Structure formats: structure tokens, C-alpha cells
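Take a look at the structure below.
Computed from heavy atoms alone, side chains included, the values below leave out hydrogens, waters and symmetry copies. Just so you know, these numbers come straight off a predicted model, no measurement behind them.
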Amino acid sequence: MTTKWHKLLCKKDQLQLLGTLNGGQSFRWKQIPENQWLGIFSKKVWILKEATDAILYQVHAPNSTKTSPKKCNEELSNYLHLDVDLSEYYPKWSEKDPNFKDAAEQFYGIRILRQDVVENIFSFICSQNNHISRITSMVEKLAEYYGEKICDINGITYYSFPDVEKLAADGVEQHLRNNGFGYRAKYISNSAKLIADGGGNKWINELQEMKYEDAKKNLMTLMGIGAKVADCICLMSLGHLQAIPVDTHIYQIAARLYMPKLGKQKTVTEKIYNEIGEFFRDLYGPLAGWAHTVLFCADLKKFQDNKVETAKTSKHKKQDSKTKINSKKLKT
DNA sequence: CGGAGACCTTGTCA
DNA sequence: ATGACAAGGTCTC
């Protein structure tokens with residue numbers, strides 16, 4: 001086990017750990033003392049902290065796992081999507097949209113992570129109609145029940161996210177039902193079986209090769225995955241940075257600030273869903289999903305506590321409507 | 001094709 | 001304290 005700190009060069013405006021790791025993209029990161037972040041990806045436990053023009057990190061993995069500094073640097077850099085230079089985009093998005101410019105002050109350095117596809121498929125199935133805190137505990141349970149132990153740190157055992165085959169096994173649905181997963185237990189079990197029957201890794205590999213529209217369509221054939229969850233997976237795990245997950249936050253933002261005609265709409269139909277996506281793609285360009293994530297962060301309640309309340313934010317504070325996302329499956 | 005309800009469970013707010 | 005309501009929606013009718 002390595003406990004040495006490694007260094008990955010990275011300017012401050014290129015990466016903010018708080019908004020990126022705790023902004024609802026991944027459910028595998030926790031803030032720990034001394035302003036450090038502990039998270040799990042690629043079957044390793046990572047501890048990160050910000051330093052001047054760099055990220056310092058530790059890697060914890062089983063002794064059998066290779067953790068050469070070079071390989072770890074590459075893995076972390078890839079996970080954080082550091083090949084995209086935000087200084088090329090933030091000014092452009094700010095120029096096109098004053099709302100983005102406002103959000104970007106607090107939410108500089110927000111990055112779309114390159115997350116594991118399988119983990120995100122099941123994490124975002126859990127996310128529907130649910131709170132981030134509960135989603136996090138459900139993802140942790142999936143890892144604990146069906147994943148593999150990585151290591152212990154300070155008396156806590158960490159587990160990797162399980163393979164699809166583990167989730168496709170008999171008895172999973174009942175087991176999850178008994179452990180607080182509610183109706184999502186069936187979605188997880190059925191989707192895992194659908195993927196396994198479709199070839200398992202082969203199905204996943206083919207998904208990764210598809211273009212955005214095809215990948216989205218295929219994801220929506222799984223149970224419990226509609227347009228929004230499919231777009232989350234496309235954006236955060238398949239590199240389709242034009243994908244715009246239209247959730248309740250983004251719908252509210254769109255109706256309030258960009259598309260006033262939505263005001264009276266009670267449900268988000270497939271048509272409305274796609275219109276909102278097209279609107280933002282038209283506004284921000286090919287990396288619209290990335291820009292949208294900055295707006296999403298700015299709308300998260302947990303990030304608004306330490307923010308100075310302005311007349312503008314307080315005015316809209318309590319006006320969330322009863323609008324439900326109701327986009328239906330695309331017909332092929 | 002669009003609308004209306006149901007759905008597990010937990011956190012939050014009055 | 002207790003109930004209503006919302007939570008990064010989706011499925012079914």
C-alpha cells in the first residue's frame with residue numbers, strides 16, 4: 001500500500017474539487033479532514049487535496065495491483081478529464097450567457113469526470129426521484145454487497161463497484177428490496193440481466209463505440225433508464241459532452257431564465273425534453289453538457305449555504321413547482 | 001402521443 | 001413532534 005503523496009500539475013482555475021467531486025456527478029467521494037477528498041475509481045482508493053497549481057494525491061490499492069506513479073498520474077488525469085482546457089471554454093460560455101458568468105464565479109474549475117460506465121448505469125438508476133444522500137448510501141451498499149474489497153483505511157473497508165454479472169445473479173432483487181432499495185431493486189436486477197444476456201462486457205464495449213444518439217437509445221432499452229438517466233451516462237461516462245440531462249433543476253432553470261413559454265407546462269414530455277437540450281446545445285456549443293453542469297452545481301441547495309444571498313437568488317428561492325419529469329422512451 | 005398516478009425510502013420543512 | 005412534500009424520474013395505463 002502506498003501512502004506517499006504524488007503530485008499532478010493543475011492550475012487552480014482548471015479544477016475545483018468541491019464542486020466537481022461533490023456536485024452530484026459521482027456518488028463515491030467524501031470530504032475527509034484537512035480538506036482532503038477520498039474516493040474510489042478503477043478499483044483503487046484515492047485521496048486528493050488541492051495545492052498551489054497542483055493536485056496532491058495518494059493511491060491505496062491491494063498489494064497485487066500495480067500503482068506506478070506514471071500509471072496513476074495518467075489514470076487520475078484521465079478521470080479528471082484534464083485534457084480539456086477550461087480556459088478555452090469558460091470565457092466563451094460566459095460571453096454567451098450572463099447566467100453562466102454568474103455561476104462561474106463560485107463554480108470555476110468544474111470538470112466532467114470520466115467515470116466507469118457500469119458504475120454510472122447503476123448509480124443513476126438509483127438516482128431517480130431520490131436524494132443525493134440516499135443515492136450515495138445505495139451505491140456504497142452495491143459496492144459492499146457485490147464488489148471486491150480494495151483495502152482498509154482507518155478502520156473503514158472500501159470496495160470496488162461490482163461487475164454486471166454480480167448484479168445479474170439470482171436473488172439480487174430480493175436482497176436489495178430487503179435493504180432499502182425500494183422499487184429500484186427491480187430496475188437494477190433487470191437491467192443487469194439485460195446487459196448480461198446481451199453479452200456483458202461485449203454489450204458495454206459496443207455501447208462505448210456508439211455515437212451519442214445510438215448510445216442513448218440503447219441505454220433506454222434498460223429498465224429504469226429514461227432520457228434523463230441515459231443522458232447522465234452519455235455525458236459522464238461515454239464522453240458525449242453535448243448530452244444535456246434535463247432534471248428537475250435544469251427544467252426549473254430553463255423555464256425561469258431561458259424558455260419562459262415552459263412556465264405553464266406541467267410535465268416534461270419527450271418533445272419538451274429535447275427542446276431544452278437543443279436550446280442549450282445551441283447556446284453553448286458541442287460541450288454544452290459541460291456548461292450545463294456548472295449551472296446545475298450553482299442550483300444545488302447544498303452549495304448555496306455558504307453563498308452570499310443576493311436579491312436575485314432569494315427572489316426565486318422557494319418557487320420550485322410540482323413539475324415532474326415525464327419524458328417517454330424513444331421509439332426506434 | 002400526452003396526461004395522470006403510482007412508486008420505495010429518507011430528509012426537510014412547517 | 002407529526003405530517004406533507006420533494007428528491008438530479010420512470011413505468012404503466
To the nearest Å, how far apart are [X] [atom1] and [N] [atom2]?
X      : N     : atom1 : atom2 : result
A:F303 : C:dG8 : CZ    : P     : 12 Å
A:L176 : B:dC8 : CG    : C1'   : 13 Å
A:I125 : C:dA7 : CD1   : P     : 21 Å
A:N130 : C:dC5 : CG    : C1'   : 14 Å
A:N178 : B:dT9 : CG    : P     : 10 Å
A:Y183 : B:dT9 : OH    : C1'   : 9 Å
A:I233 : C:dG8 : CD1   : P     : 17 Å
A:D299 : C:dA6 : CG    : P     : 16 Å

According to the Watson-Crick and G-U wobble definitions, with both distances under 3.5 Å, which nucleotide is paired to C:dG8?
-> none
If we call it a pair only when both distances are under 3.5 Å in a Watson-Crick or G-U wobble match, what pairs with B:dC8?
-> none
Provide the distance between the two [atom1] atoms, one in [N] and one in [M], to the nearest whole Å.
N     : M      : atom1 : answer
B:dG2 : C:dT12 : C1'   : 14 Å
C:dG8 : B:dA4  : P     : 24 Å
C:dC5 : B:dG5  : P     : 14 Å
B:dT9 : C:dA1  : P     : 23 Å

Single hit among A:Y284, A:Y108, A:F100, A:F107 for ring pair (Phe, Tyr, Trp, His ring centres under 6.0 Å) with A:Y90 | A:F100
Among [options], the one nearest [X] by side-chain distance:
X      : options               : value
A:T248 : C:dG9, C:dT12, B:dG3  : C:dG9
A:R134 : B:dC7, B:dT10, C:dC11 : B:dT10
A:K271 : C:dG9, B:dG2, C:dG8   : B:dG2
A:T269 : C:dG8, C:dG9, B:dG2   : B:dG2
A:K228 : B:dC8, C:dG9, B:dT10  : C:dG9

Tell me which of A:H131 and A:K186 sits closer to the 5' end of DNA chain C, going by the nucleotide each one is nearest to.
-> A:H131
Minimal non-hydrogen separation, [X] against [Y], with atom names:
X      : Y      : value
A:I276 : A:A254 : CG2-CB, 4.1 Å
A:K166 : A:V172 : O-CG2, 3.6 Å
A:T20  : A:G109 : OG1-O, 3.3 Å
A:I125 : A:M223 : CD1-O, 3.8 Å

Please classify the nucleic acid contact of [X] as base, sugar-phosphate, or nothing, using heavy-atom distances under 4.0 Å.
X      : answer
A:R177 : sugar-phosphate
A:M236 : base
A:F124 : nothing
A:G24  : base

By nearest nucleotide on DNA chain B, pick out whichever of A:S133 and A:Q128 is the more 5' one.
-> A:Q128
Measure the shortest side-chain to side-chain distance between A:F27 and A:E119 over non-hydrogen atoms and say whether it is less than 4.5 angstrom.
-> no
